[in-house]
Amino acid sequence: MWNLVRFVAASNLARSRRFSSAIPGPCIVHKRGADILHDPWFNKDTGFPLTERDRLGLRGLLPPRVISFEQQYDRFLNSYRSLEKNTQGQPDNFVSLAKWRILNRLHDRNETLYYRVLIDNIKEFAPIIYTPTVGLVCQNYSGLFRRPRGMYFSAKDKGEMMSMIYNWPAQKVDMIVLTDGSRILGLGDLGVQGIGIPIGKLDMYVAAAGINPRHILPVMLDVGTNNEKLLQDRLYLGLRQPRLEGEEYLTIVDEFMEAVYARWPKAIVQFEDFQMKWAFETLERYHKRFCMFNDDIQGTAGVALAGLLGTVRAQGLPLSDFVNQKIVVVGAGSAGLGVLKMAIQAVSRMTGCSETAAKSQFFLIDKDGLVTTERNNLDPAAAPFAKNPRDIEGLTEGASIIEVVKKVKPHVLLGLSGVGGIFNEEVLKAMKESVSTKPAIFAMSNPTMNAECTAIDAFKHAGENIVFGSGSPFDNVNLGNGKVGHVNQANNMYLFPGIGLGTLLSGAHLITDGMLQAASECLASYMKEEDILKGILYPSISSIRDVTAEVGAAVLRAAVAEELAEGQGDVGPRELSHMSKEETVEYVRSNMWYPVYSPLVHEK
Ligand SMILES: NC(=O)C1=CN([C@@H]2O[C@H](COP(=O)(O)OP(=O)(O)OC[C@H]3O[C@@H](n4cnc5c(N)ncnc54)[C@H](O)[C@@H]3O)[C@@H](O)[C@H]2O)C=CC1
Ligand SMILES: CC(=O)C(=O)O
Ligand SMILES: [Mg+2]
């Protein structure tokens, strides 16, 4: 029987943690000797106590002195600081890759120490293991490759996946992030090199949601690439063939999904960075069959909606005013369309009007300009958001961003186009004429060079009173006279870890719109009024575990409300349904893994 005392005690333990002397539970290991030293899940390097060295056959395989976890931690951070000092003045990309390499080497060697370093310094290290540096890593993956991480299923593995899945050494997998590398951030088709994204996303799962790193699996589905440069590259590590299309493609994804759920029926699969057509098609195909979601469509939508609602509050208006906000979305891809769909549903809920009526305040622009019903070959996915020319006096099909901004004078300009600098000086200056006294600019594309504008340019040209958000991090902007232009990192990292953890603990077999909506609403209400009024819409990434505990609890409670929760372990649906909101948050928090060296016990 689940008991409250136990999880409260566990969570207190987690919080009183930093190098606490509390003894963690043992960990069973089926290896001995050098095999343990070469396994990053179990390796403690010089941190193995002498008794453990004896028990595991490690005596003599390590220098005699035992170094504590705390000393190892300090030693790593000192090396990292030296690297920073020694690379001062070098080009940014060189420094970022050097930082990634030193972290990656630790990751390859000792996961416990790696994740401790990451969790305790997440604000500093997220830009290295996640956007923007992860983009650079993917671009250079074939050259950077030293050791594999995760699994690779290729078009050549057709018919083999059901047995291949058993090659993964862990008995249990909770969280899988899957990509086919076809749209990596705003960098396009990077083929097999896109594996860096699932790895980075899962690092965020461990850091933010405390998913045990032994239960995560990054996966690359290599169906070829249409990137000519990679196809010509001698060192390219993926299949040198054009991407599979149509049924051939879907057969491969189907086989992979069936293999995963045959071995791990309770795993969650997060689809990441698929080109739009496959992002929508696979979501439609699998969301009622498997426990999966598409982060770019659904996670991004939730984070953007929270930002849009935060903008309303930042203007000092009641949330109900959201329905009056004019919003221009630039980018009609998986992310932009996901945002529009969720935002329109929110307006429809708030007003009680139909979704058709709720659309009037939204404008969609893609590479060919304003999307209207007059568009030739209008993409069916964008069609529901196309403007009827009758409703847009003074604007025509294909109107440019500047034309739309000048005419509409929107409250919000939101970019998910993948095109760096597209919010140029002229566009940003036009935002000064916004009908809002506090307009918002979201340059959400990643990595940094693909952001629609920089934070400095936004505050310089659109005015100091704007609200600003970007997908990749920028420093806050010094506006002079002690004033600060706050930068929000409008990135799906605030939601996907909580969506994953909440779903996992709920034991639900599906991820529903209701669960995703609960996640977004939770993030939207997370910030206090005083911060929101300063233009701070999202919490600091330093508190990502707290945010994730709240988001996870919201998702879990939504699953309970929808009677989808089956629970996990000895916490069944009955226990879950009896938890108060606060107890649910504590329960989620208590289930977060935190890296400490556990005593290793050898079992044959
Ligand atoms: N901040 C965040 O959390 C997230 C950011 N993103 C970023 O959003 C970007 C787009 O992602 P997806 O929608 O999946 O890509 P996508 O390739 O599906 O869509 C890109 C869209 O941008 C449009 N576009 C291209 N050039 C344009 C131009 N010059 N003017 C106006 N529109 C233009 C295209 O027509 C297309 O509709 C990427 O850079 C990605 O990194 C994606 C997901 C989450
Ligand atoms: C953040 C993210 O998922 C993307 O840029 O694709
Ligand atoms: Mg993505």
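Counting starts at 1 for both ligands and their atoms, in listed order.
Nearest to the Mg ion (ligand 3), among the N, O or S atoms that Glu272 has, is OE2.
For Thr131, no heavy-atom contact with ligand 2 is shorter than 4.0 Å. Of all the heavy atoms of Asp273, the ones lying under 4.0 Å from any atom of ligand 2 belong exclusively to the side chain. When heavy-atom distances to ligand 2 are checked against a 4.0 Å cut-off, Tyr130 comes that close only through its side chain, counted from C-beta outward.
Put simply, the side chain of Phe468 does not reach to within 4.5 Å of the side chain of Val477, judged on heavy atoms.
Between Trp593 and Tyr115, the angle of the ring planes goes over 60°, which puts this pair in the perpendicular group of the 30/60° scheme.
Heavy-atom neighbours of Asn388 CG from other residues, nucleotides or ligands within 6.0 Å: above the threshold of 12.
For Thr372, the side-chain hydrogen bond (donor to acceptor under 3.5 Å, both in side chains) criterion is met by Glu397, not counting sequence neighbours.
One option in Met493, Lys201, Met204, Gln489 has a heavy atom closer to atom 2 (C) of ligand 2 than any other, and that option is Lys201.
Taking the six-membered ring for Trp, Phe496 and Tyr205 have ring centres closer than 6.0 Å.
Ligand 1 is surrounded by Arg183, Leu185, Gly186, Met276, Asp296, Thr300, Val330, Gly331, Ala332, Gly333, Ser334, Ala335, Asp366, Lys367, Leu416, Ser417, Gly418, Val419, Ile422, Met444, Ser445, Asn446, Gly471, Ala490, Asn491, Asn492, each with at least one heavy atom closer than 4.0 Å.
For the Mg ion (ligand 3), the N/O/S atoms of Asp295 include none lying under 2.8 Å.
Here the closest non-hydrogen pair linking Ile128 and Thr133 is O-CB, 3.3 Å.
Using a 4.0 Å cut-off between a side-chain N of Lys or Arg and a carboxylate O of Asp or Glu, Asp366 and Arg375 qualify as a salt bridge.
A cation-pi contact, defined as under 6.0 Å to the ring centre and within 45° of the axis, links Lys387 to Phe363.
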